[in-house]
Amino acid sequence: MCSIIGYYGKNLAAPILVKGLEKMEYRGYDSVGVATKSENKIMLKKGVGKVIQVNESVHLDDLPGISGIGHTRWATHGKVTDINAHPHTSNSGKIAIVHNGIIENYNELKEKLVSEGFKFQSETDTEVIANLIQQNFEKTSNVKQTMMETVSMLKGHYAFVVIFENGTLAAARFHEPLIVGVGKNSHYLSSDVLGFIERTDDAIYIDNEDFVLVDDTGLNIYNFDGTSVKHQITKVSKEFADVYKGDYAHFTLKEISEQPETILRAGNDTQIDEIVRHIEDSKTLYITGSGTSYNASRISKYLMSKFAKLKIEPIISSELPFAPDSIENDSTLVVISQSGESADILEAVQIARQSNAKILSIVNHLNSSLSQESDVVVGLNCGPEIGVAATKSFTSQLAILYKITDRLCNGCMKPDWNNVSKSVSKTLENHSQIKKLAKTLKDITDIYVLGRGLHFPIAKEAALKLKELTYIHAEGIPGGELKHGPLALMDENVFVIIINPDDSTYSDTLTSANEIKARGAKIIGISDKKSDIYDYWIEIPRIDESLYPLLEIIPIQLLAYYSALEKDTDPDYPRNLAKSVTVK
Ligand code: BG6
């Protein structure tokens, strides 16, 4: 996914656009570019790399003009090159565009345009839109008509912002996020409130299949068939303005360190009561998510079957299109997502809707597409999460699943959240030992994470964090499966993290640790109980048996973070990834 932005106002556009792009860089950081209008000409600068780097070398924020557009890229079509970087201009050079999403029919549109004499510089699907708009504008000389004509020709999921040589901005939304910021004598168009939050907290969340025009007459919103749309200004909650690292070197470390507070703030009682009511009334229950959110959904299966005697089936969102009938009619689907914008979960919701399913969502962004698609929404309340690898959002998702399960079993679990928060703080004190271990792991190529029962989803999440942040091949293994294959991988070059708190899984997991040790592998034990089997023991506080998943992931988040520093990778913006992937 990419970030797109537009500004139309009284101030110089370029510095405002560059600042906004810096805030949204977690959406994609392969290349960056800005285009403005000055003296009835489109001025454009772009380059491969992060915003700060490219701005230092080509001075994006020097561009003149009080109207402009900008983009940070997560490459989908075409290599990471200057040519493929956005903005793209039309052949006449009188139109420039930035785009987030995928145009599925771009090849046939391109062939038609080429046959009508258009030339293409880049490998992107985006340049096709620029030339289509030029062609439609030359036919109508009317921006509104041009937009209606153009969106009627596009297939796929997209949001784009276009600037015309007279400075007019036009933008459209089709299943990709687009938000308008309303300033004093100015308007912002952005993929995320972060793009303009420093300048205004008045936002308009554009509905799907709407387009926007901004010019000297102000802001106008239409739906794709040209009907004018009334719009409502929403105040952006202040917590989303807190996008500063403070004294932390990276957002990832800041967000890991916020967990003692964020776990306490997870979910509010009214929303949780409402989701519990729907779950109690549900016929068949499913839960879905992507990446870390899917690992959180896995935990619910263990919790609800053990404590609430309820069957809930986790489904990987991106797999649902290949087994659409696996959700019976009138089922209930719980959807977990930090951003609420991942394309895979939104498609899973559409498929479930076709079977008349109820959609109950656990999400961080309350104005996201997922929230708009849901019957009930429970907010994570963990504030903006900038680090691409999810950390605090994961433990907030878990806390909400625990609160839901506890209500479903009429308080049979009674989690002591203050004690959980204190125990997380205690676990976070252990930086020095983990920093040292990260040095040891610097040159290893393979690491395995073992866990049984409730700890297996944590083993999966641990492996995901290590992959995302250190680029080390990491795999989460259910403890009992070790001897049915993975044991063949164990030798003196391998490290294995054993998630082994002193609970009902302890002795079986210790047996597995012995089998691994016998093959010469190095063992990192995560536990509240010391054992000679461990080459490295990372101690976690003793806590109620069912609550260990909320603790045991913390040292592994820290290990992945410090290993990333040892390996000189960027913990906040890992290569090839993006905070939430809004394309399939
Ligand atoms: C990936 C992120 O793109 O999407 C992961 O890098 C995240 O951290 C996954 O877990 C799912 O995102 P979301 O927003 O739907 O929870």
Side-chain angles (χ1 to χ4, degrees), residues 1-3 24-30 74-76 100 175-177 191-192 194 240 251-252 255-256 266 287-300 314-320 333-349 359 361-374 377-380 382-398 400-401 457-458 460-471 474 476 553 556-557 560-561 564 569-584:
M1 99 181 151
C2 307
S3 67
M24 295 195 287
E25 194 157 34
Y26 67 86
R27 300 176 58 89
Y29 30 91
D30 290 328
W74 185 72
T76 57
N100 170 34
H175 292 295
E176 295 288 353
S191 299
D192 190 315
L194 296 183
F240 276 97
F251 283 107
T252 304
E255 288 150 10
I256 291 173
I287 186 164
T288 192
S290 302
T292 291
S293 298
Y294 176 65
N295 288 331
S297 68
R298 289 166 181 261
I299 287 253
S300 68
I315 301 174
I316 297 175
S317 298
S318 55
E319 283 299 307
L320 188 57
L333 179 67
V334 178
V335 186
I336 302 193
S337 174
Q338 189 281 133
S339 63
E341 297 295 352
S342 299
D344 293 328
I345 51 129
L346 295 175
E347 185 175 20
V349 167
I359 306 295
S361 294
I362 300 174
V363 63
N364 198 23
H365 290 258
L366 295 178
N367 289 297
S368 60
S369 309
L370 174 63
S371 306
Q372 290 165 18
E373 296 279 337
S374 305
V377 174
V378 177
L380 295 186
C382 66
E385 187 175 64
I386 306 295
V388 166
T391 53
K392 62 177 180 176
S393 63
F394 179 64
T395 49
S396 294
Q397 290 163 348
L398 294 190
I400 289 170
L401 290 170
I458 299 301
K460 295 298 279 183
E461 176 56 13
L464 180 60
K465 287 287 113 14
L466 289 161
K467 282 179 229 182
E468 286 175 311
L469 292 174
T470 73
Y471 315 156
I553 189 60
I556 298 168
Q557 292 170 344
Y561 171 73
T569 68
D570 182 336
D572 285 346
Y573 304 117
R575 69 184 183 198
N576 308 340
L577 298 180
K579 184 63 193 166
S580 87
V581 180
T582 60
V583 291
K584 277 181 57 175

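Atoms within a ligand are numbered from 1 in the order they appear, just like the ligands themselves. All values derive from a computational prediction rather than experimental measurement. We use all heavy atoms of the structure for the numbers below, so side chains are in, but hydrogens, waters and symmetry mates are not.
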Heavy-atom nearest neighbour of atom 5 (C) of ligand 1 within options E468, E385, E461, R27 | E468

Under 3.5 Å side-chain donor-acceptor pair for S371 and S374 | no

Distance-only N or O hit between ligand 1 and S339, under 3.5 Å | yes

Which of the atoms of ligand 1 are close to S337, meaning less than 4.0 Å from one of its heavy atoms?
-> 13 (P), 14 (O), 15 (O), 16 (O)

Should the proximity of L577 to ligand 1, defined as any heavy atom under 4.0 Å, be assigned to the side chain, the backbone, both, or neither?
-> neither

Could you check atom 8 (O) of ligand 1 against the protein and tell me its nearest heavy-atom contact, residue, atom and distance included?
-> V388 O, 3.0 Å

Hey, is the main chain of A390 close enough, under 3.5 Å, to the side chain of S393 for a donor-acceptor pair?
-> no

Atoms of ligand 1 close to V581 [distance to a heavy atom under 4.0 angstrom, numbered from 1] | 3 (O)

Identify the protein heavy atom lying closest to atom 12 (O) of ligand 1, giving its residue, its atom name and the separation to 0.1 Å.
-> S342 OG, 3.3 Å

Starting from atom 16 (O) of ligand 1, which protein heavy atom do you reach first, and at what distance in Å?
-> S293 OG, 2.6 Å

What protein heavy atom sits nearest atom 6 (O) of ligand 1, and how far off is it?
-> A578 O, 3.1 Å

side-chain contact (heavy atoms from CB on, under 4.5 Å) partner of E468, the single match among L577, T569, T252 = L577

Donor-acceptor pair, side chain of S290 and main chain of S317, under 3.5 angstrom | no

Could you tell me whether A389 and ligand 1 have an N or O pair separated by under 3.5 Å?
-> no

Audit row: S369, E341, side chain to side chain donor-acceptor pair (under 3.5 Å) steps and yes/no | CA-CA 6 Å; S369 309; E341 297 295 352; 2.6 Å; yes

Walk me through it: do K465 and T292 pass the test side chain to side chain donor-acceptor pair (under 3.5 Å)?
-> CA-CA 9 Å; K465 287 287 113 14; T292 291; 2.9 Å; yes

Provide, to 0.1 Å, the distance between atom 2 (C) of ligand 1 and the closest protein heavy atom, together with that atom's residue and name.
-> K579 O, 3.1 Å

Are the side chain of Q372 and the backbone of N367 linked by a donor-acceptor contact shorter than 3.5 Å?
-> yes

Salt bridge flag under 4.0 Å for residues E461 and R298 | no

Which residue and heavy atom of the protein sit nearest atom 10 (O) of ligand 1, plus the separation | T292 N, 2.9 Å

So which heavy atom in the protein is nearest atom 11 (C) of ligand 1, and how far is it from that ligand atom?
-> S290 O, 3.3 Å

Any donor and acceptor pair, going by atom type alone, linking the side chain of N364 with main-chain N or O of S339 inside 3.5 Å?
-> no

